[in-house]
Q: 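Sharing a structure with you now.
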Amino acid sequence: MSNDDIVNRPDHLTQEARLLGVTRMLRDDQRLTPDLGESIVRNFRAVMARLKKSEKWAARSLAMSPTVLSQVLSGTYAADTEVHLRKIDRWVEIQHARATAPQQAAFARTSTALEIIGAAKMIEKIGGIAVVHGPSGIGKSLVAEYIARDTPGSIPIRVTAARCGIAAIYALLAKEVLPPALHKLAPAQIENALVDELADTNRLIVVDEIHELAVKGKDQGLHVLRHLQDQTDCPMLWLGTADIATYIETGRYTKQAVEQLYGRVTWSLDLTYAASRQDGGPGLHTLDDIRAVVGAHQWKVAGDGIDYLHEIANEPQMGGLRTVVRLCRIAVAKYGDKPLTRQLFDDLQQSRLGARAAGVVRKQIEVRARKAG
């Protein structure tokens, strides 16, 4: 048997793919052969069987016409299939990576989560940019991860203080959308490639920590996103703290005309006021929300413990929902299967924060309870 015969065997191709990634069949610089094309289709069908999704769902995720996808898979597509097969190959690799990645924390569909999910669905329908803003710790990032995972073809990026310039934003988007061979292009070239790839696909772009771009001298990344939205019509969901709302509404720290952004925000969800109970806000989380969070993690929490967690969750200055989850994890590690009561949580706060800080927390809760009464 010749070396060529070995190379062309499907089982060898599968072995070769392990060098590229568990499910990747085709390098960017590799010639597409009929056997490779068949292997890509087999991998795609295997992933779809595992996901239990329809071809229509996959087509949307691939930003491809359902008819074209069906024809490519069946071998009846009249034009050249290579560009589509390469896209399918990359998509399969991404789906495998998502399936094998560490699982995110248990997700509970709280009332706040449902409001954010509703904003995402609305912006998909009407287009433009949706801005969701609220204090740190209320669960925005967890919901962003859920939306990105649950929405076919979505493009999630997270801005950081160190990655907020023009080149950095293009790099984040390129990593999610473009093949690796294009990642090192100049920003203007990446922009052109992104526009070609995304135009008229209606793929949802989810940008977490968007407030990192609403900083003096660092706001150019916002206009990168605004230009991309203009050129592709892809809906965008921006999530961050109130700083992003202040930036858009007042123009503070802006280098470019704020009207360029203000006119493109077609939906806004203000969670900042709701979280500010001292100013009359209703609070972000109900008792049922806390029960849902506790149930999602299968923690044993007594009734008065639920009340305590509810009070903590509705106080962003104490860390909000993030502190609730952290506190319960510590409590379970410390107390095991024992039902977690208000007293146990209070004792834990003293151990965790110190008696003085825990006393401040207790007094804040008591003051709010008196005001509410």
Q: Salt bridge between Arg158 and Glu145, side-chain N to carboxylate O under 4.0 Å?
A: yes
Q: Taking it one step at a time, do His84 and Leu62 satisfy side-chain contact (heavy atoms from CB on, under 4.5 Å)?
A: CA-CA 9 Å; His84 298 302; Leu62 282 156; over 6 Å; no
Q: How about CG on Asp80, more than 12 heavy atoms from neighbouring residues, nucleotides or ligands closer than 6.0 Å, or not?
A: yes
Q: Start with the C-alpha distance between Asp233 and Gln229, add both sets of side-chain angles, then the distance that settles side chain to side chain donor-acceptor pair (under 3.5 Å), and finish with yes or no.
A: CA-CA 5 Å; Asp233 281 332; Gln229 203 283 320; 4.7 Å; no
Q: Got a donor-acceptor contact below 3.5 angstrom from the Asn314 side chain to the His310 backbone?
A: yes
Q: What closest approach, in Å, do Cys328 and Leu340 show between heavy atoms, and which atom pair accounts for it?
A: O-CD1, 4.4 Å
Q: If the plane angle is over 60° it's perpendicular, under 30° parallel, otherwise tilted; pick one for Phe44 and Trp91.
A: tilted
Q: What pair of heavy atoms forms the shortest contact from Val301 to Ile306, and how long is it?
A: CG1-N, 3.5 Å
Q: Testing the basics here: between Leu344 and Pro339, what is the closest heavy-atom pair and its distance to 0.1 Å?
A: CD1-O, 3.4 Å
Q: Before giving the answer on side-chain contact (heavy atoms from CB on, under 4.5 Å), spell out for Ile155 and Val206 the whole-Å C-alpha distance, their side-chain angles and the decisive distance to 0.1 Å.
A: CA-CA 6 Å; Ile155 303 164; Val206 181; over 6 Å; no
Q: With heavy-atom distances below 4.5 Å as the criterion, would you say the side chains of Tyr335 and Lys300 are in contact?
A: no
Q: With a 4.5 Å heavy-atom cut-off, do Leu173 and Leu228 have their side chains touching?
A: yes
Q: Check whether more than 12 heavy atoms from other residues, nucleotides or ligands sit under 6.0 Å from atom CH2 of Trp299, and answer yes or no.
A: yes
Q: Search all heavy atoms of Ile147 against all heavy atoms of Ala120 and return the closest pair with its distance.
A: CD1-CB, 3.9 Å
Q: Measuring from atom OG1 of Thr67 to atom OH of Tyr77, what distance do you get when rounded to the nearest 0.5 angstrom?
A: 10.5 Å
Q: If we ignore hydrogens and angles and just use 3.5 Å, is the side chain of Thr112 paired with the main-chain N or O of Gly139 as donor and acceptor?
A: no
Q: Could you walk me through whether Arg322 and Ser136 satisfy the side chain to side chain donor-acceptor pair (under 3.5 Å) test, starting with their C-alpha distance in whole Å, then the side-chain angles of each, then the deciding distance to 0.1 Å, before giving a yes or no?
A: CA-CA 9 Å; Arg322 182 184 294 130; Ser136 177; 3.0 Å; yes
Q: Decide side-chain contact (heavy atoms from CB on, under 4.5 Å) for Val131 and Leu237; before the verdict, give the C-alpha distance in whole Å, the side-chain angles of both, and the deciding distance to 0.1 Å.
A: CA-CA 6 Å; Val131 176; Leu237 177 67; over 6 Å; no
Q: Between atom CG of Leu225 and atom CD of Gln220, what is the distance when rounded to the nearest 0.5 Å?
A: 12.5 Å
Q: Look at the side chain of Thr201 and the backbone N and O of Leu198, then say whether any donor-acceptor pair between them is shorter than 3.5 Å.
A: yes
Q: I'd like to know if Val83 and Leu36 are part of one continuous hydrophobic network [Ile/Leu/Val/Met/Phe/Trp/Tyr, side-chain heavy atoms within less than 4.5 Å].
A: no
Q: Ignoring hydrogens and geometry, is there a side-chain-to-backbone donor-acceptor pair from Thr232 to Ala199 under 3.5 Å?
A: no
Q: Indicate yes or no: does Asp289 engage Arg109 in a salt bridge with an N to O separation below 4.0 Å.
A: no
Q: Could you give the distance from SG (Cys164) to NE2 (His211), rounded to the nearest 0.5 Å?
A: 10.5 Å
Q: Donor-acceptor pair, distance only, cut-off 3.5 Å: does the side chain of His183 make one with the backbone of Leu178?
A: yes
Q: Can a donor-acceptor pair be found, under 3.5 Å and without considering hydrogens, that links the side chain of Gln189 to the backbone of Leu185?
A: no
Q: Any side-chain heavy-atom pair from Ile40 and Val92 closer than 4.5 angstrom?
A: no
Q: Rounded to the nearest 0.5 Å, how far does CG of Asp347 lie from CD of Gln349?
A: 10.5 Å
Q: Could you tell me the separation between the CD1 atom of Ile210 and the CG atom of Leu239, rounded to the nearest 0.5 Å?
A: 9.0 Å
Q: Indicate yes or no: does Arg86 engage Asp89 in a salt bridge with an N to O separation below 4.0 Å.
A: no
Q: Just by distance, do the side chain of Ser154 and the backbone of Thr151 share a donor-acceptor pair under 3.5 Å?
A: yes
Q: Is the shortest side-chain heavy-atom distance between Ile169 and Ile166 below 4.5 Å?
A: no
Q: Sequence neighbours left out, what pairs pass salt bridge (charged side-chain N to carboxylate O under 4.0 Å, His left out) with at least one residue falling in residues 51-71?
A: Arg45-Glu55, Arg60-Glu124
Q: Below 4.5 Å, heavy atoms only, C-beta onward: do Glu191 and Gln231 meet side chain to side chain?
A: yes
Q: Grab the two heavy atoms, one from Ala113 and one from Ala108, that are nearest each other, plus how far apart they are.
A: CB-O, 4.0 Å
Q: Can you give me the closest heavy-atom contact between Ser141 and Asp208, atom names plus distance?
A: OG-OD2, 2.6 Å
Q: Kindly indicate whether the side chain of Asp270, heavy atoms from C-beta on, has any atom under 4.5 Å from the side chain of Val132.
A: no
Q: Could you check whether any side-chain N or O of Arg264 sits under 3.5 Å from a backbone N or O of Ile129, counting only pairs where one atom can act as donor and the other as acceptor?
A: no
Q: Pair Thr76, Ser74 - check side chain to side chain donor-acceptor pair (under 3.5 Å), show working.
A: CA-CA 6 Å; Thr76 60; Ser74 64; 2.9 Å; yes
Q: Are side-chain heavy atoms of Thr160 and Glu212 found at a separation under 4.5 Å?
A: no
Q: Which residue is it: Glu197, Glu82, Glu93? I am looking for the one with a salt bridge (charged side-chain N to carboxylate O under 4.0 Å, His left out) to Lys87.
A: Glu197
Q: Is there side-chain contact between Gln350 and Asp346, with at least one heavy-atom pair below 4.5 Å?
A: yes
Q: Is any side-chain N of the basic residue among Asp304 and Arg342 closer than 4.0 Å to the acidic one's carboxylate O?
A: no
Q: Would you check, one step at a time, whether the test side-chain contact (heavy atoms from CB on, under 4.5 Å) holds for Thr241 with His133?
A: CA-CA 5 Å; Thr241 66; His133 63 92; over 6 Å; no
Q: Could you give the distance from CG (Asp243) to CD1 (Ile248), rounded to the nearest 0.5 Å?
A: 11.5 Å
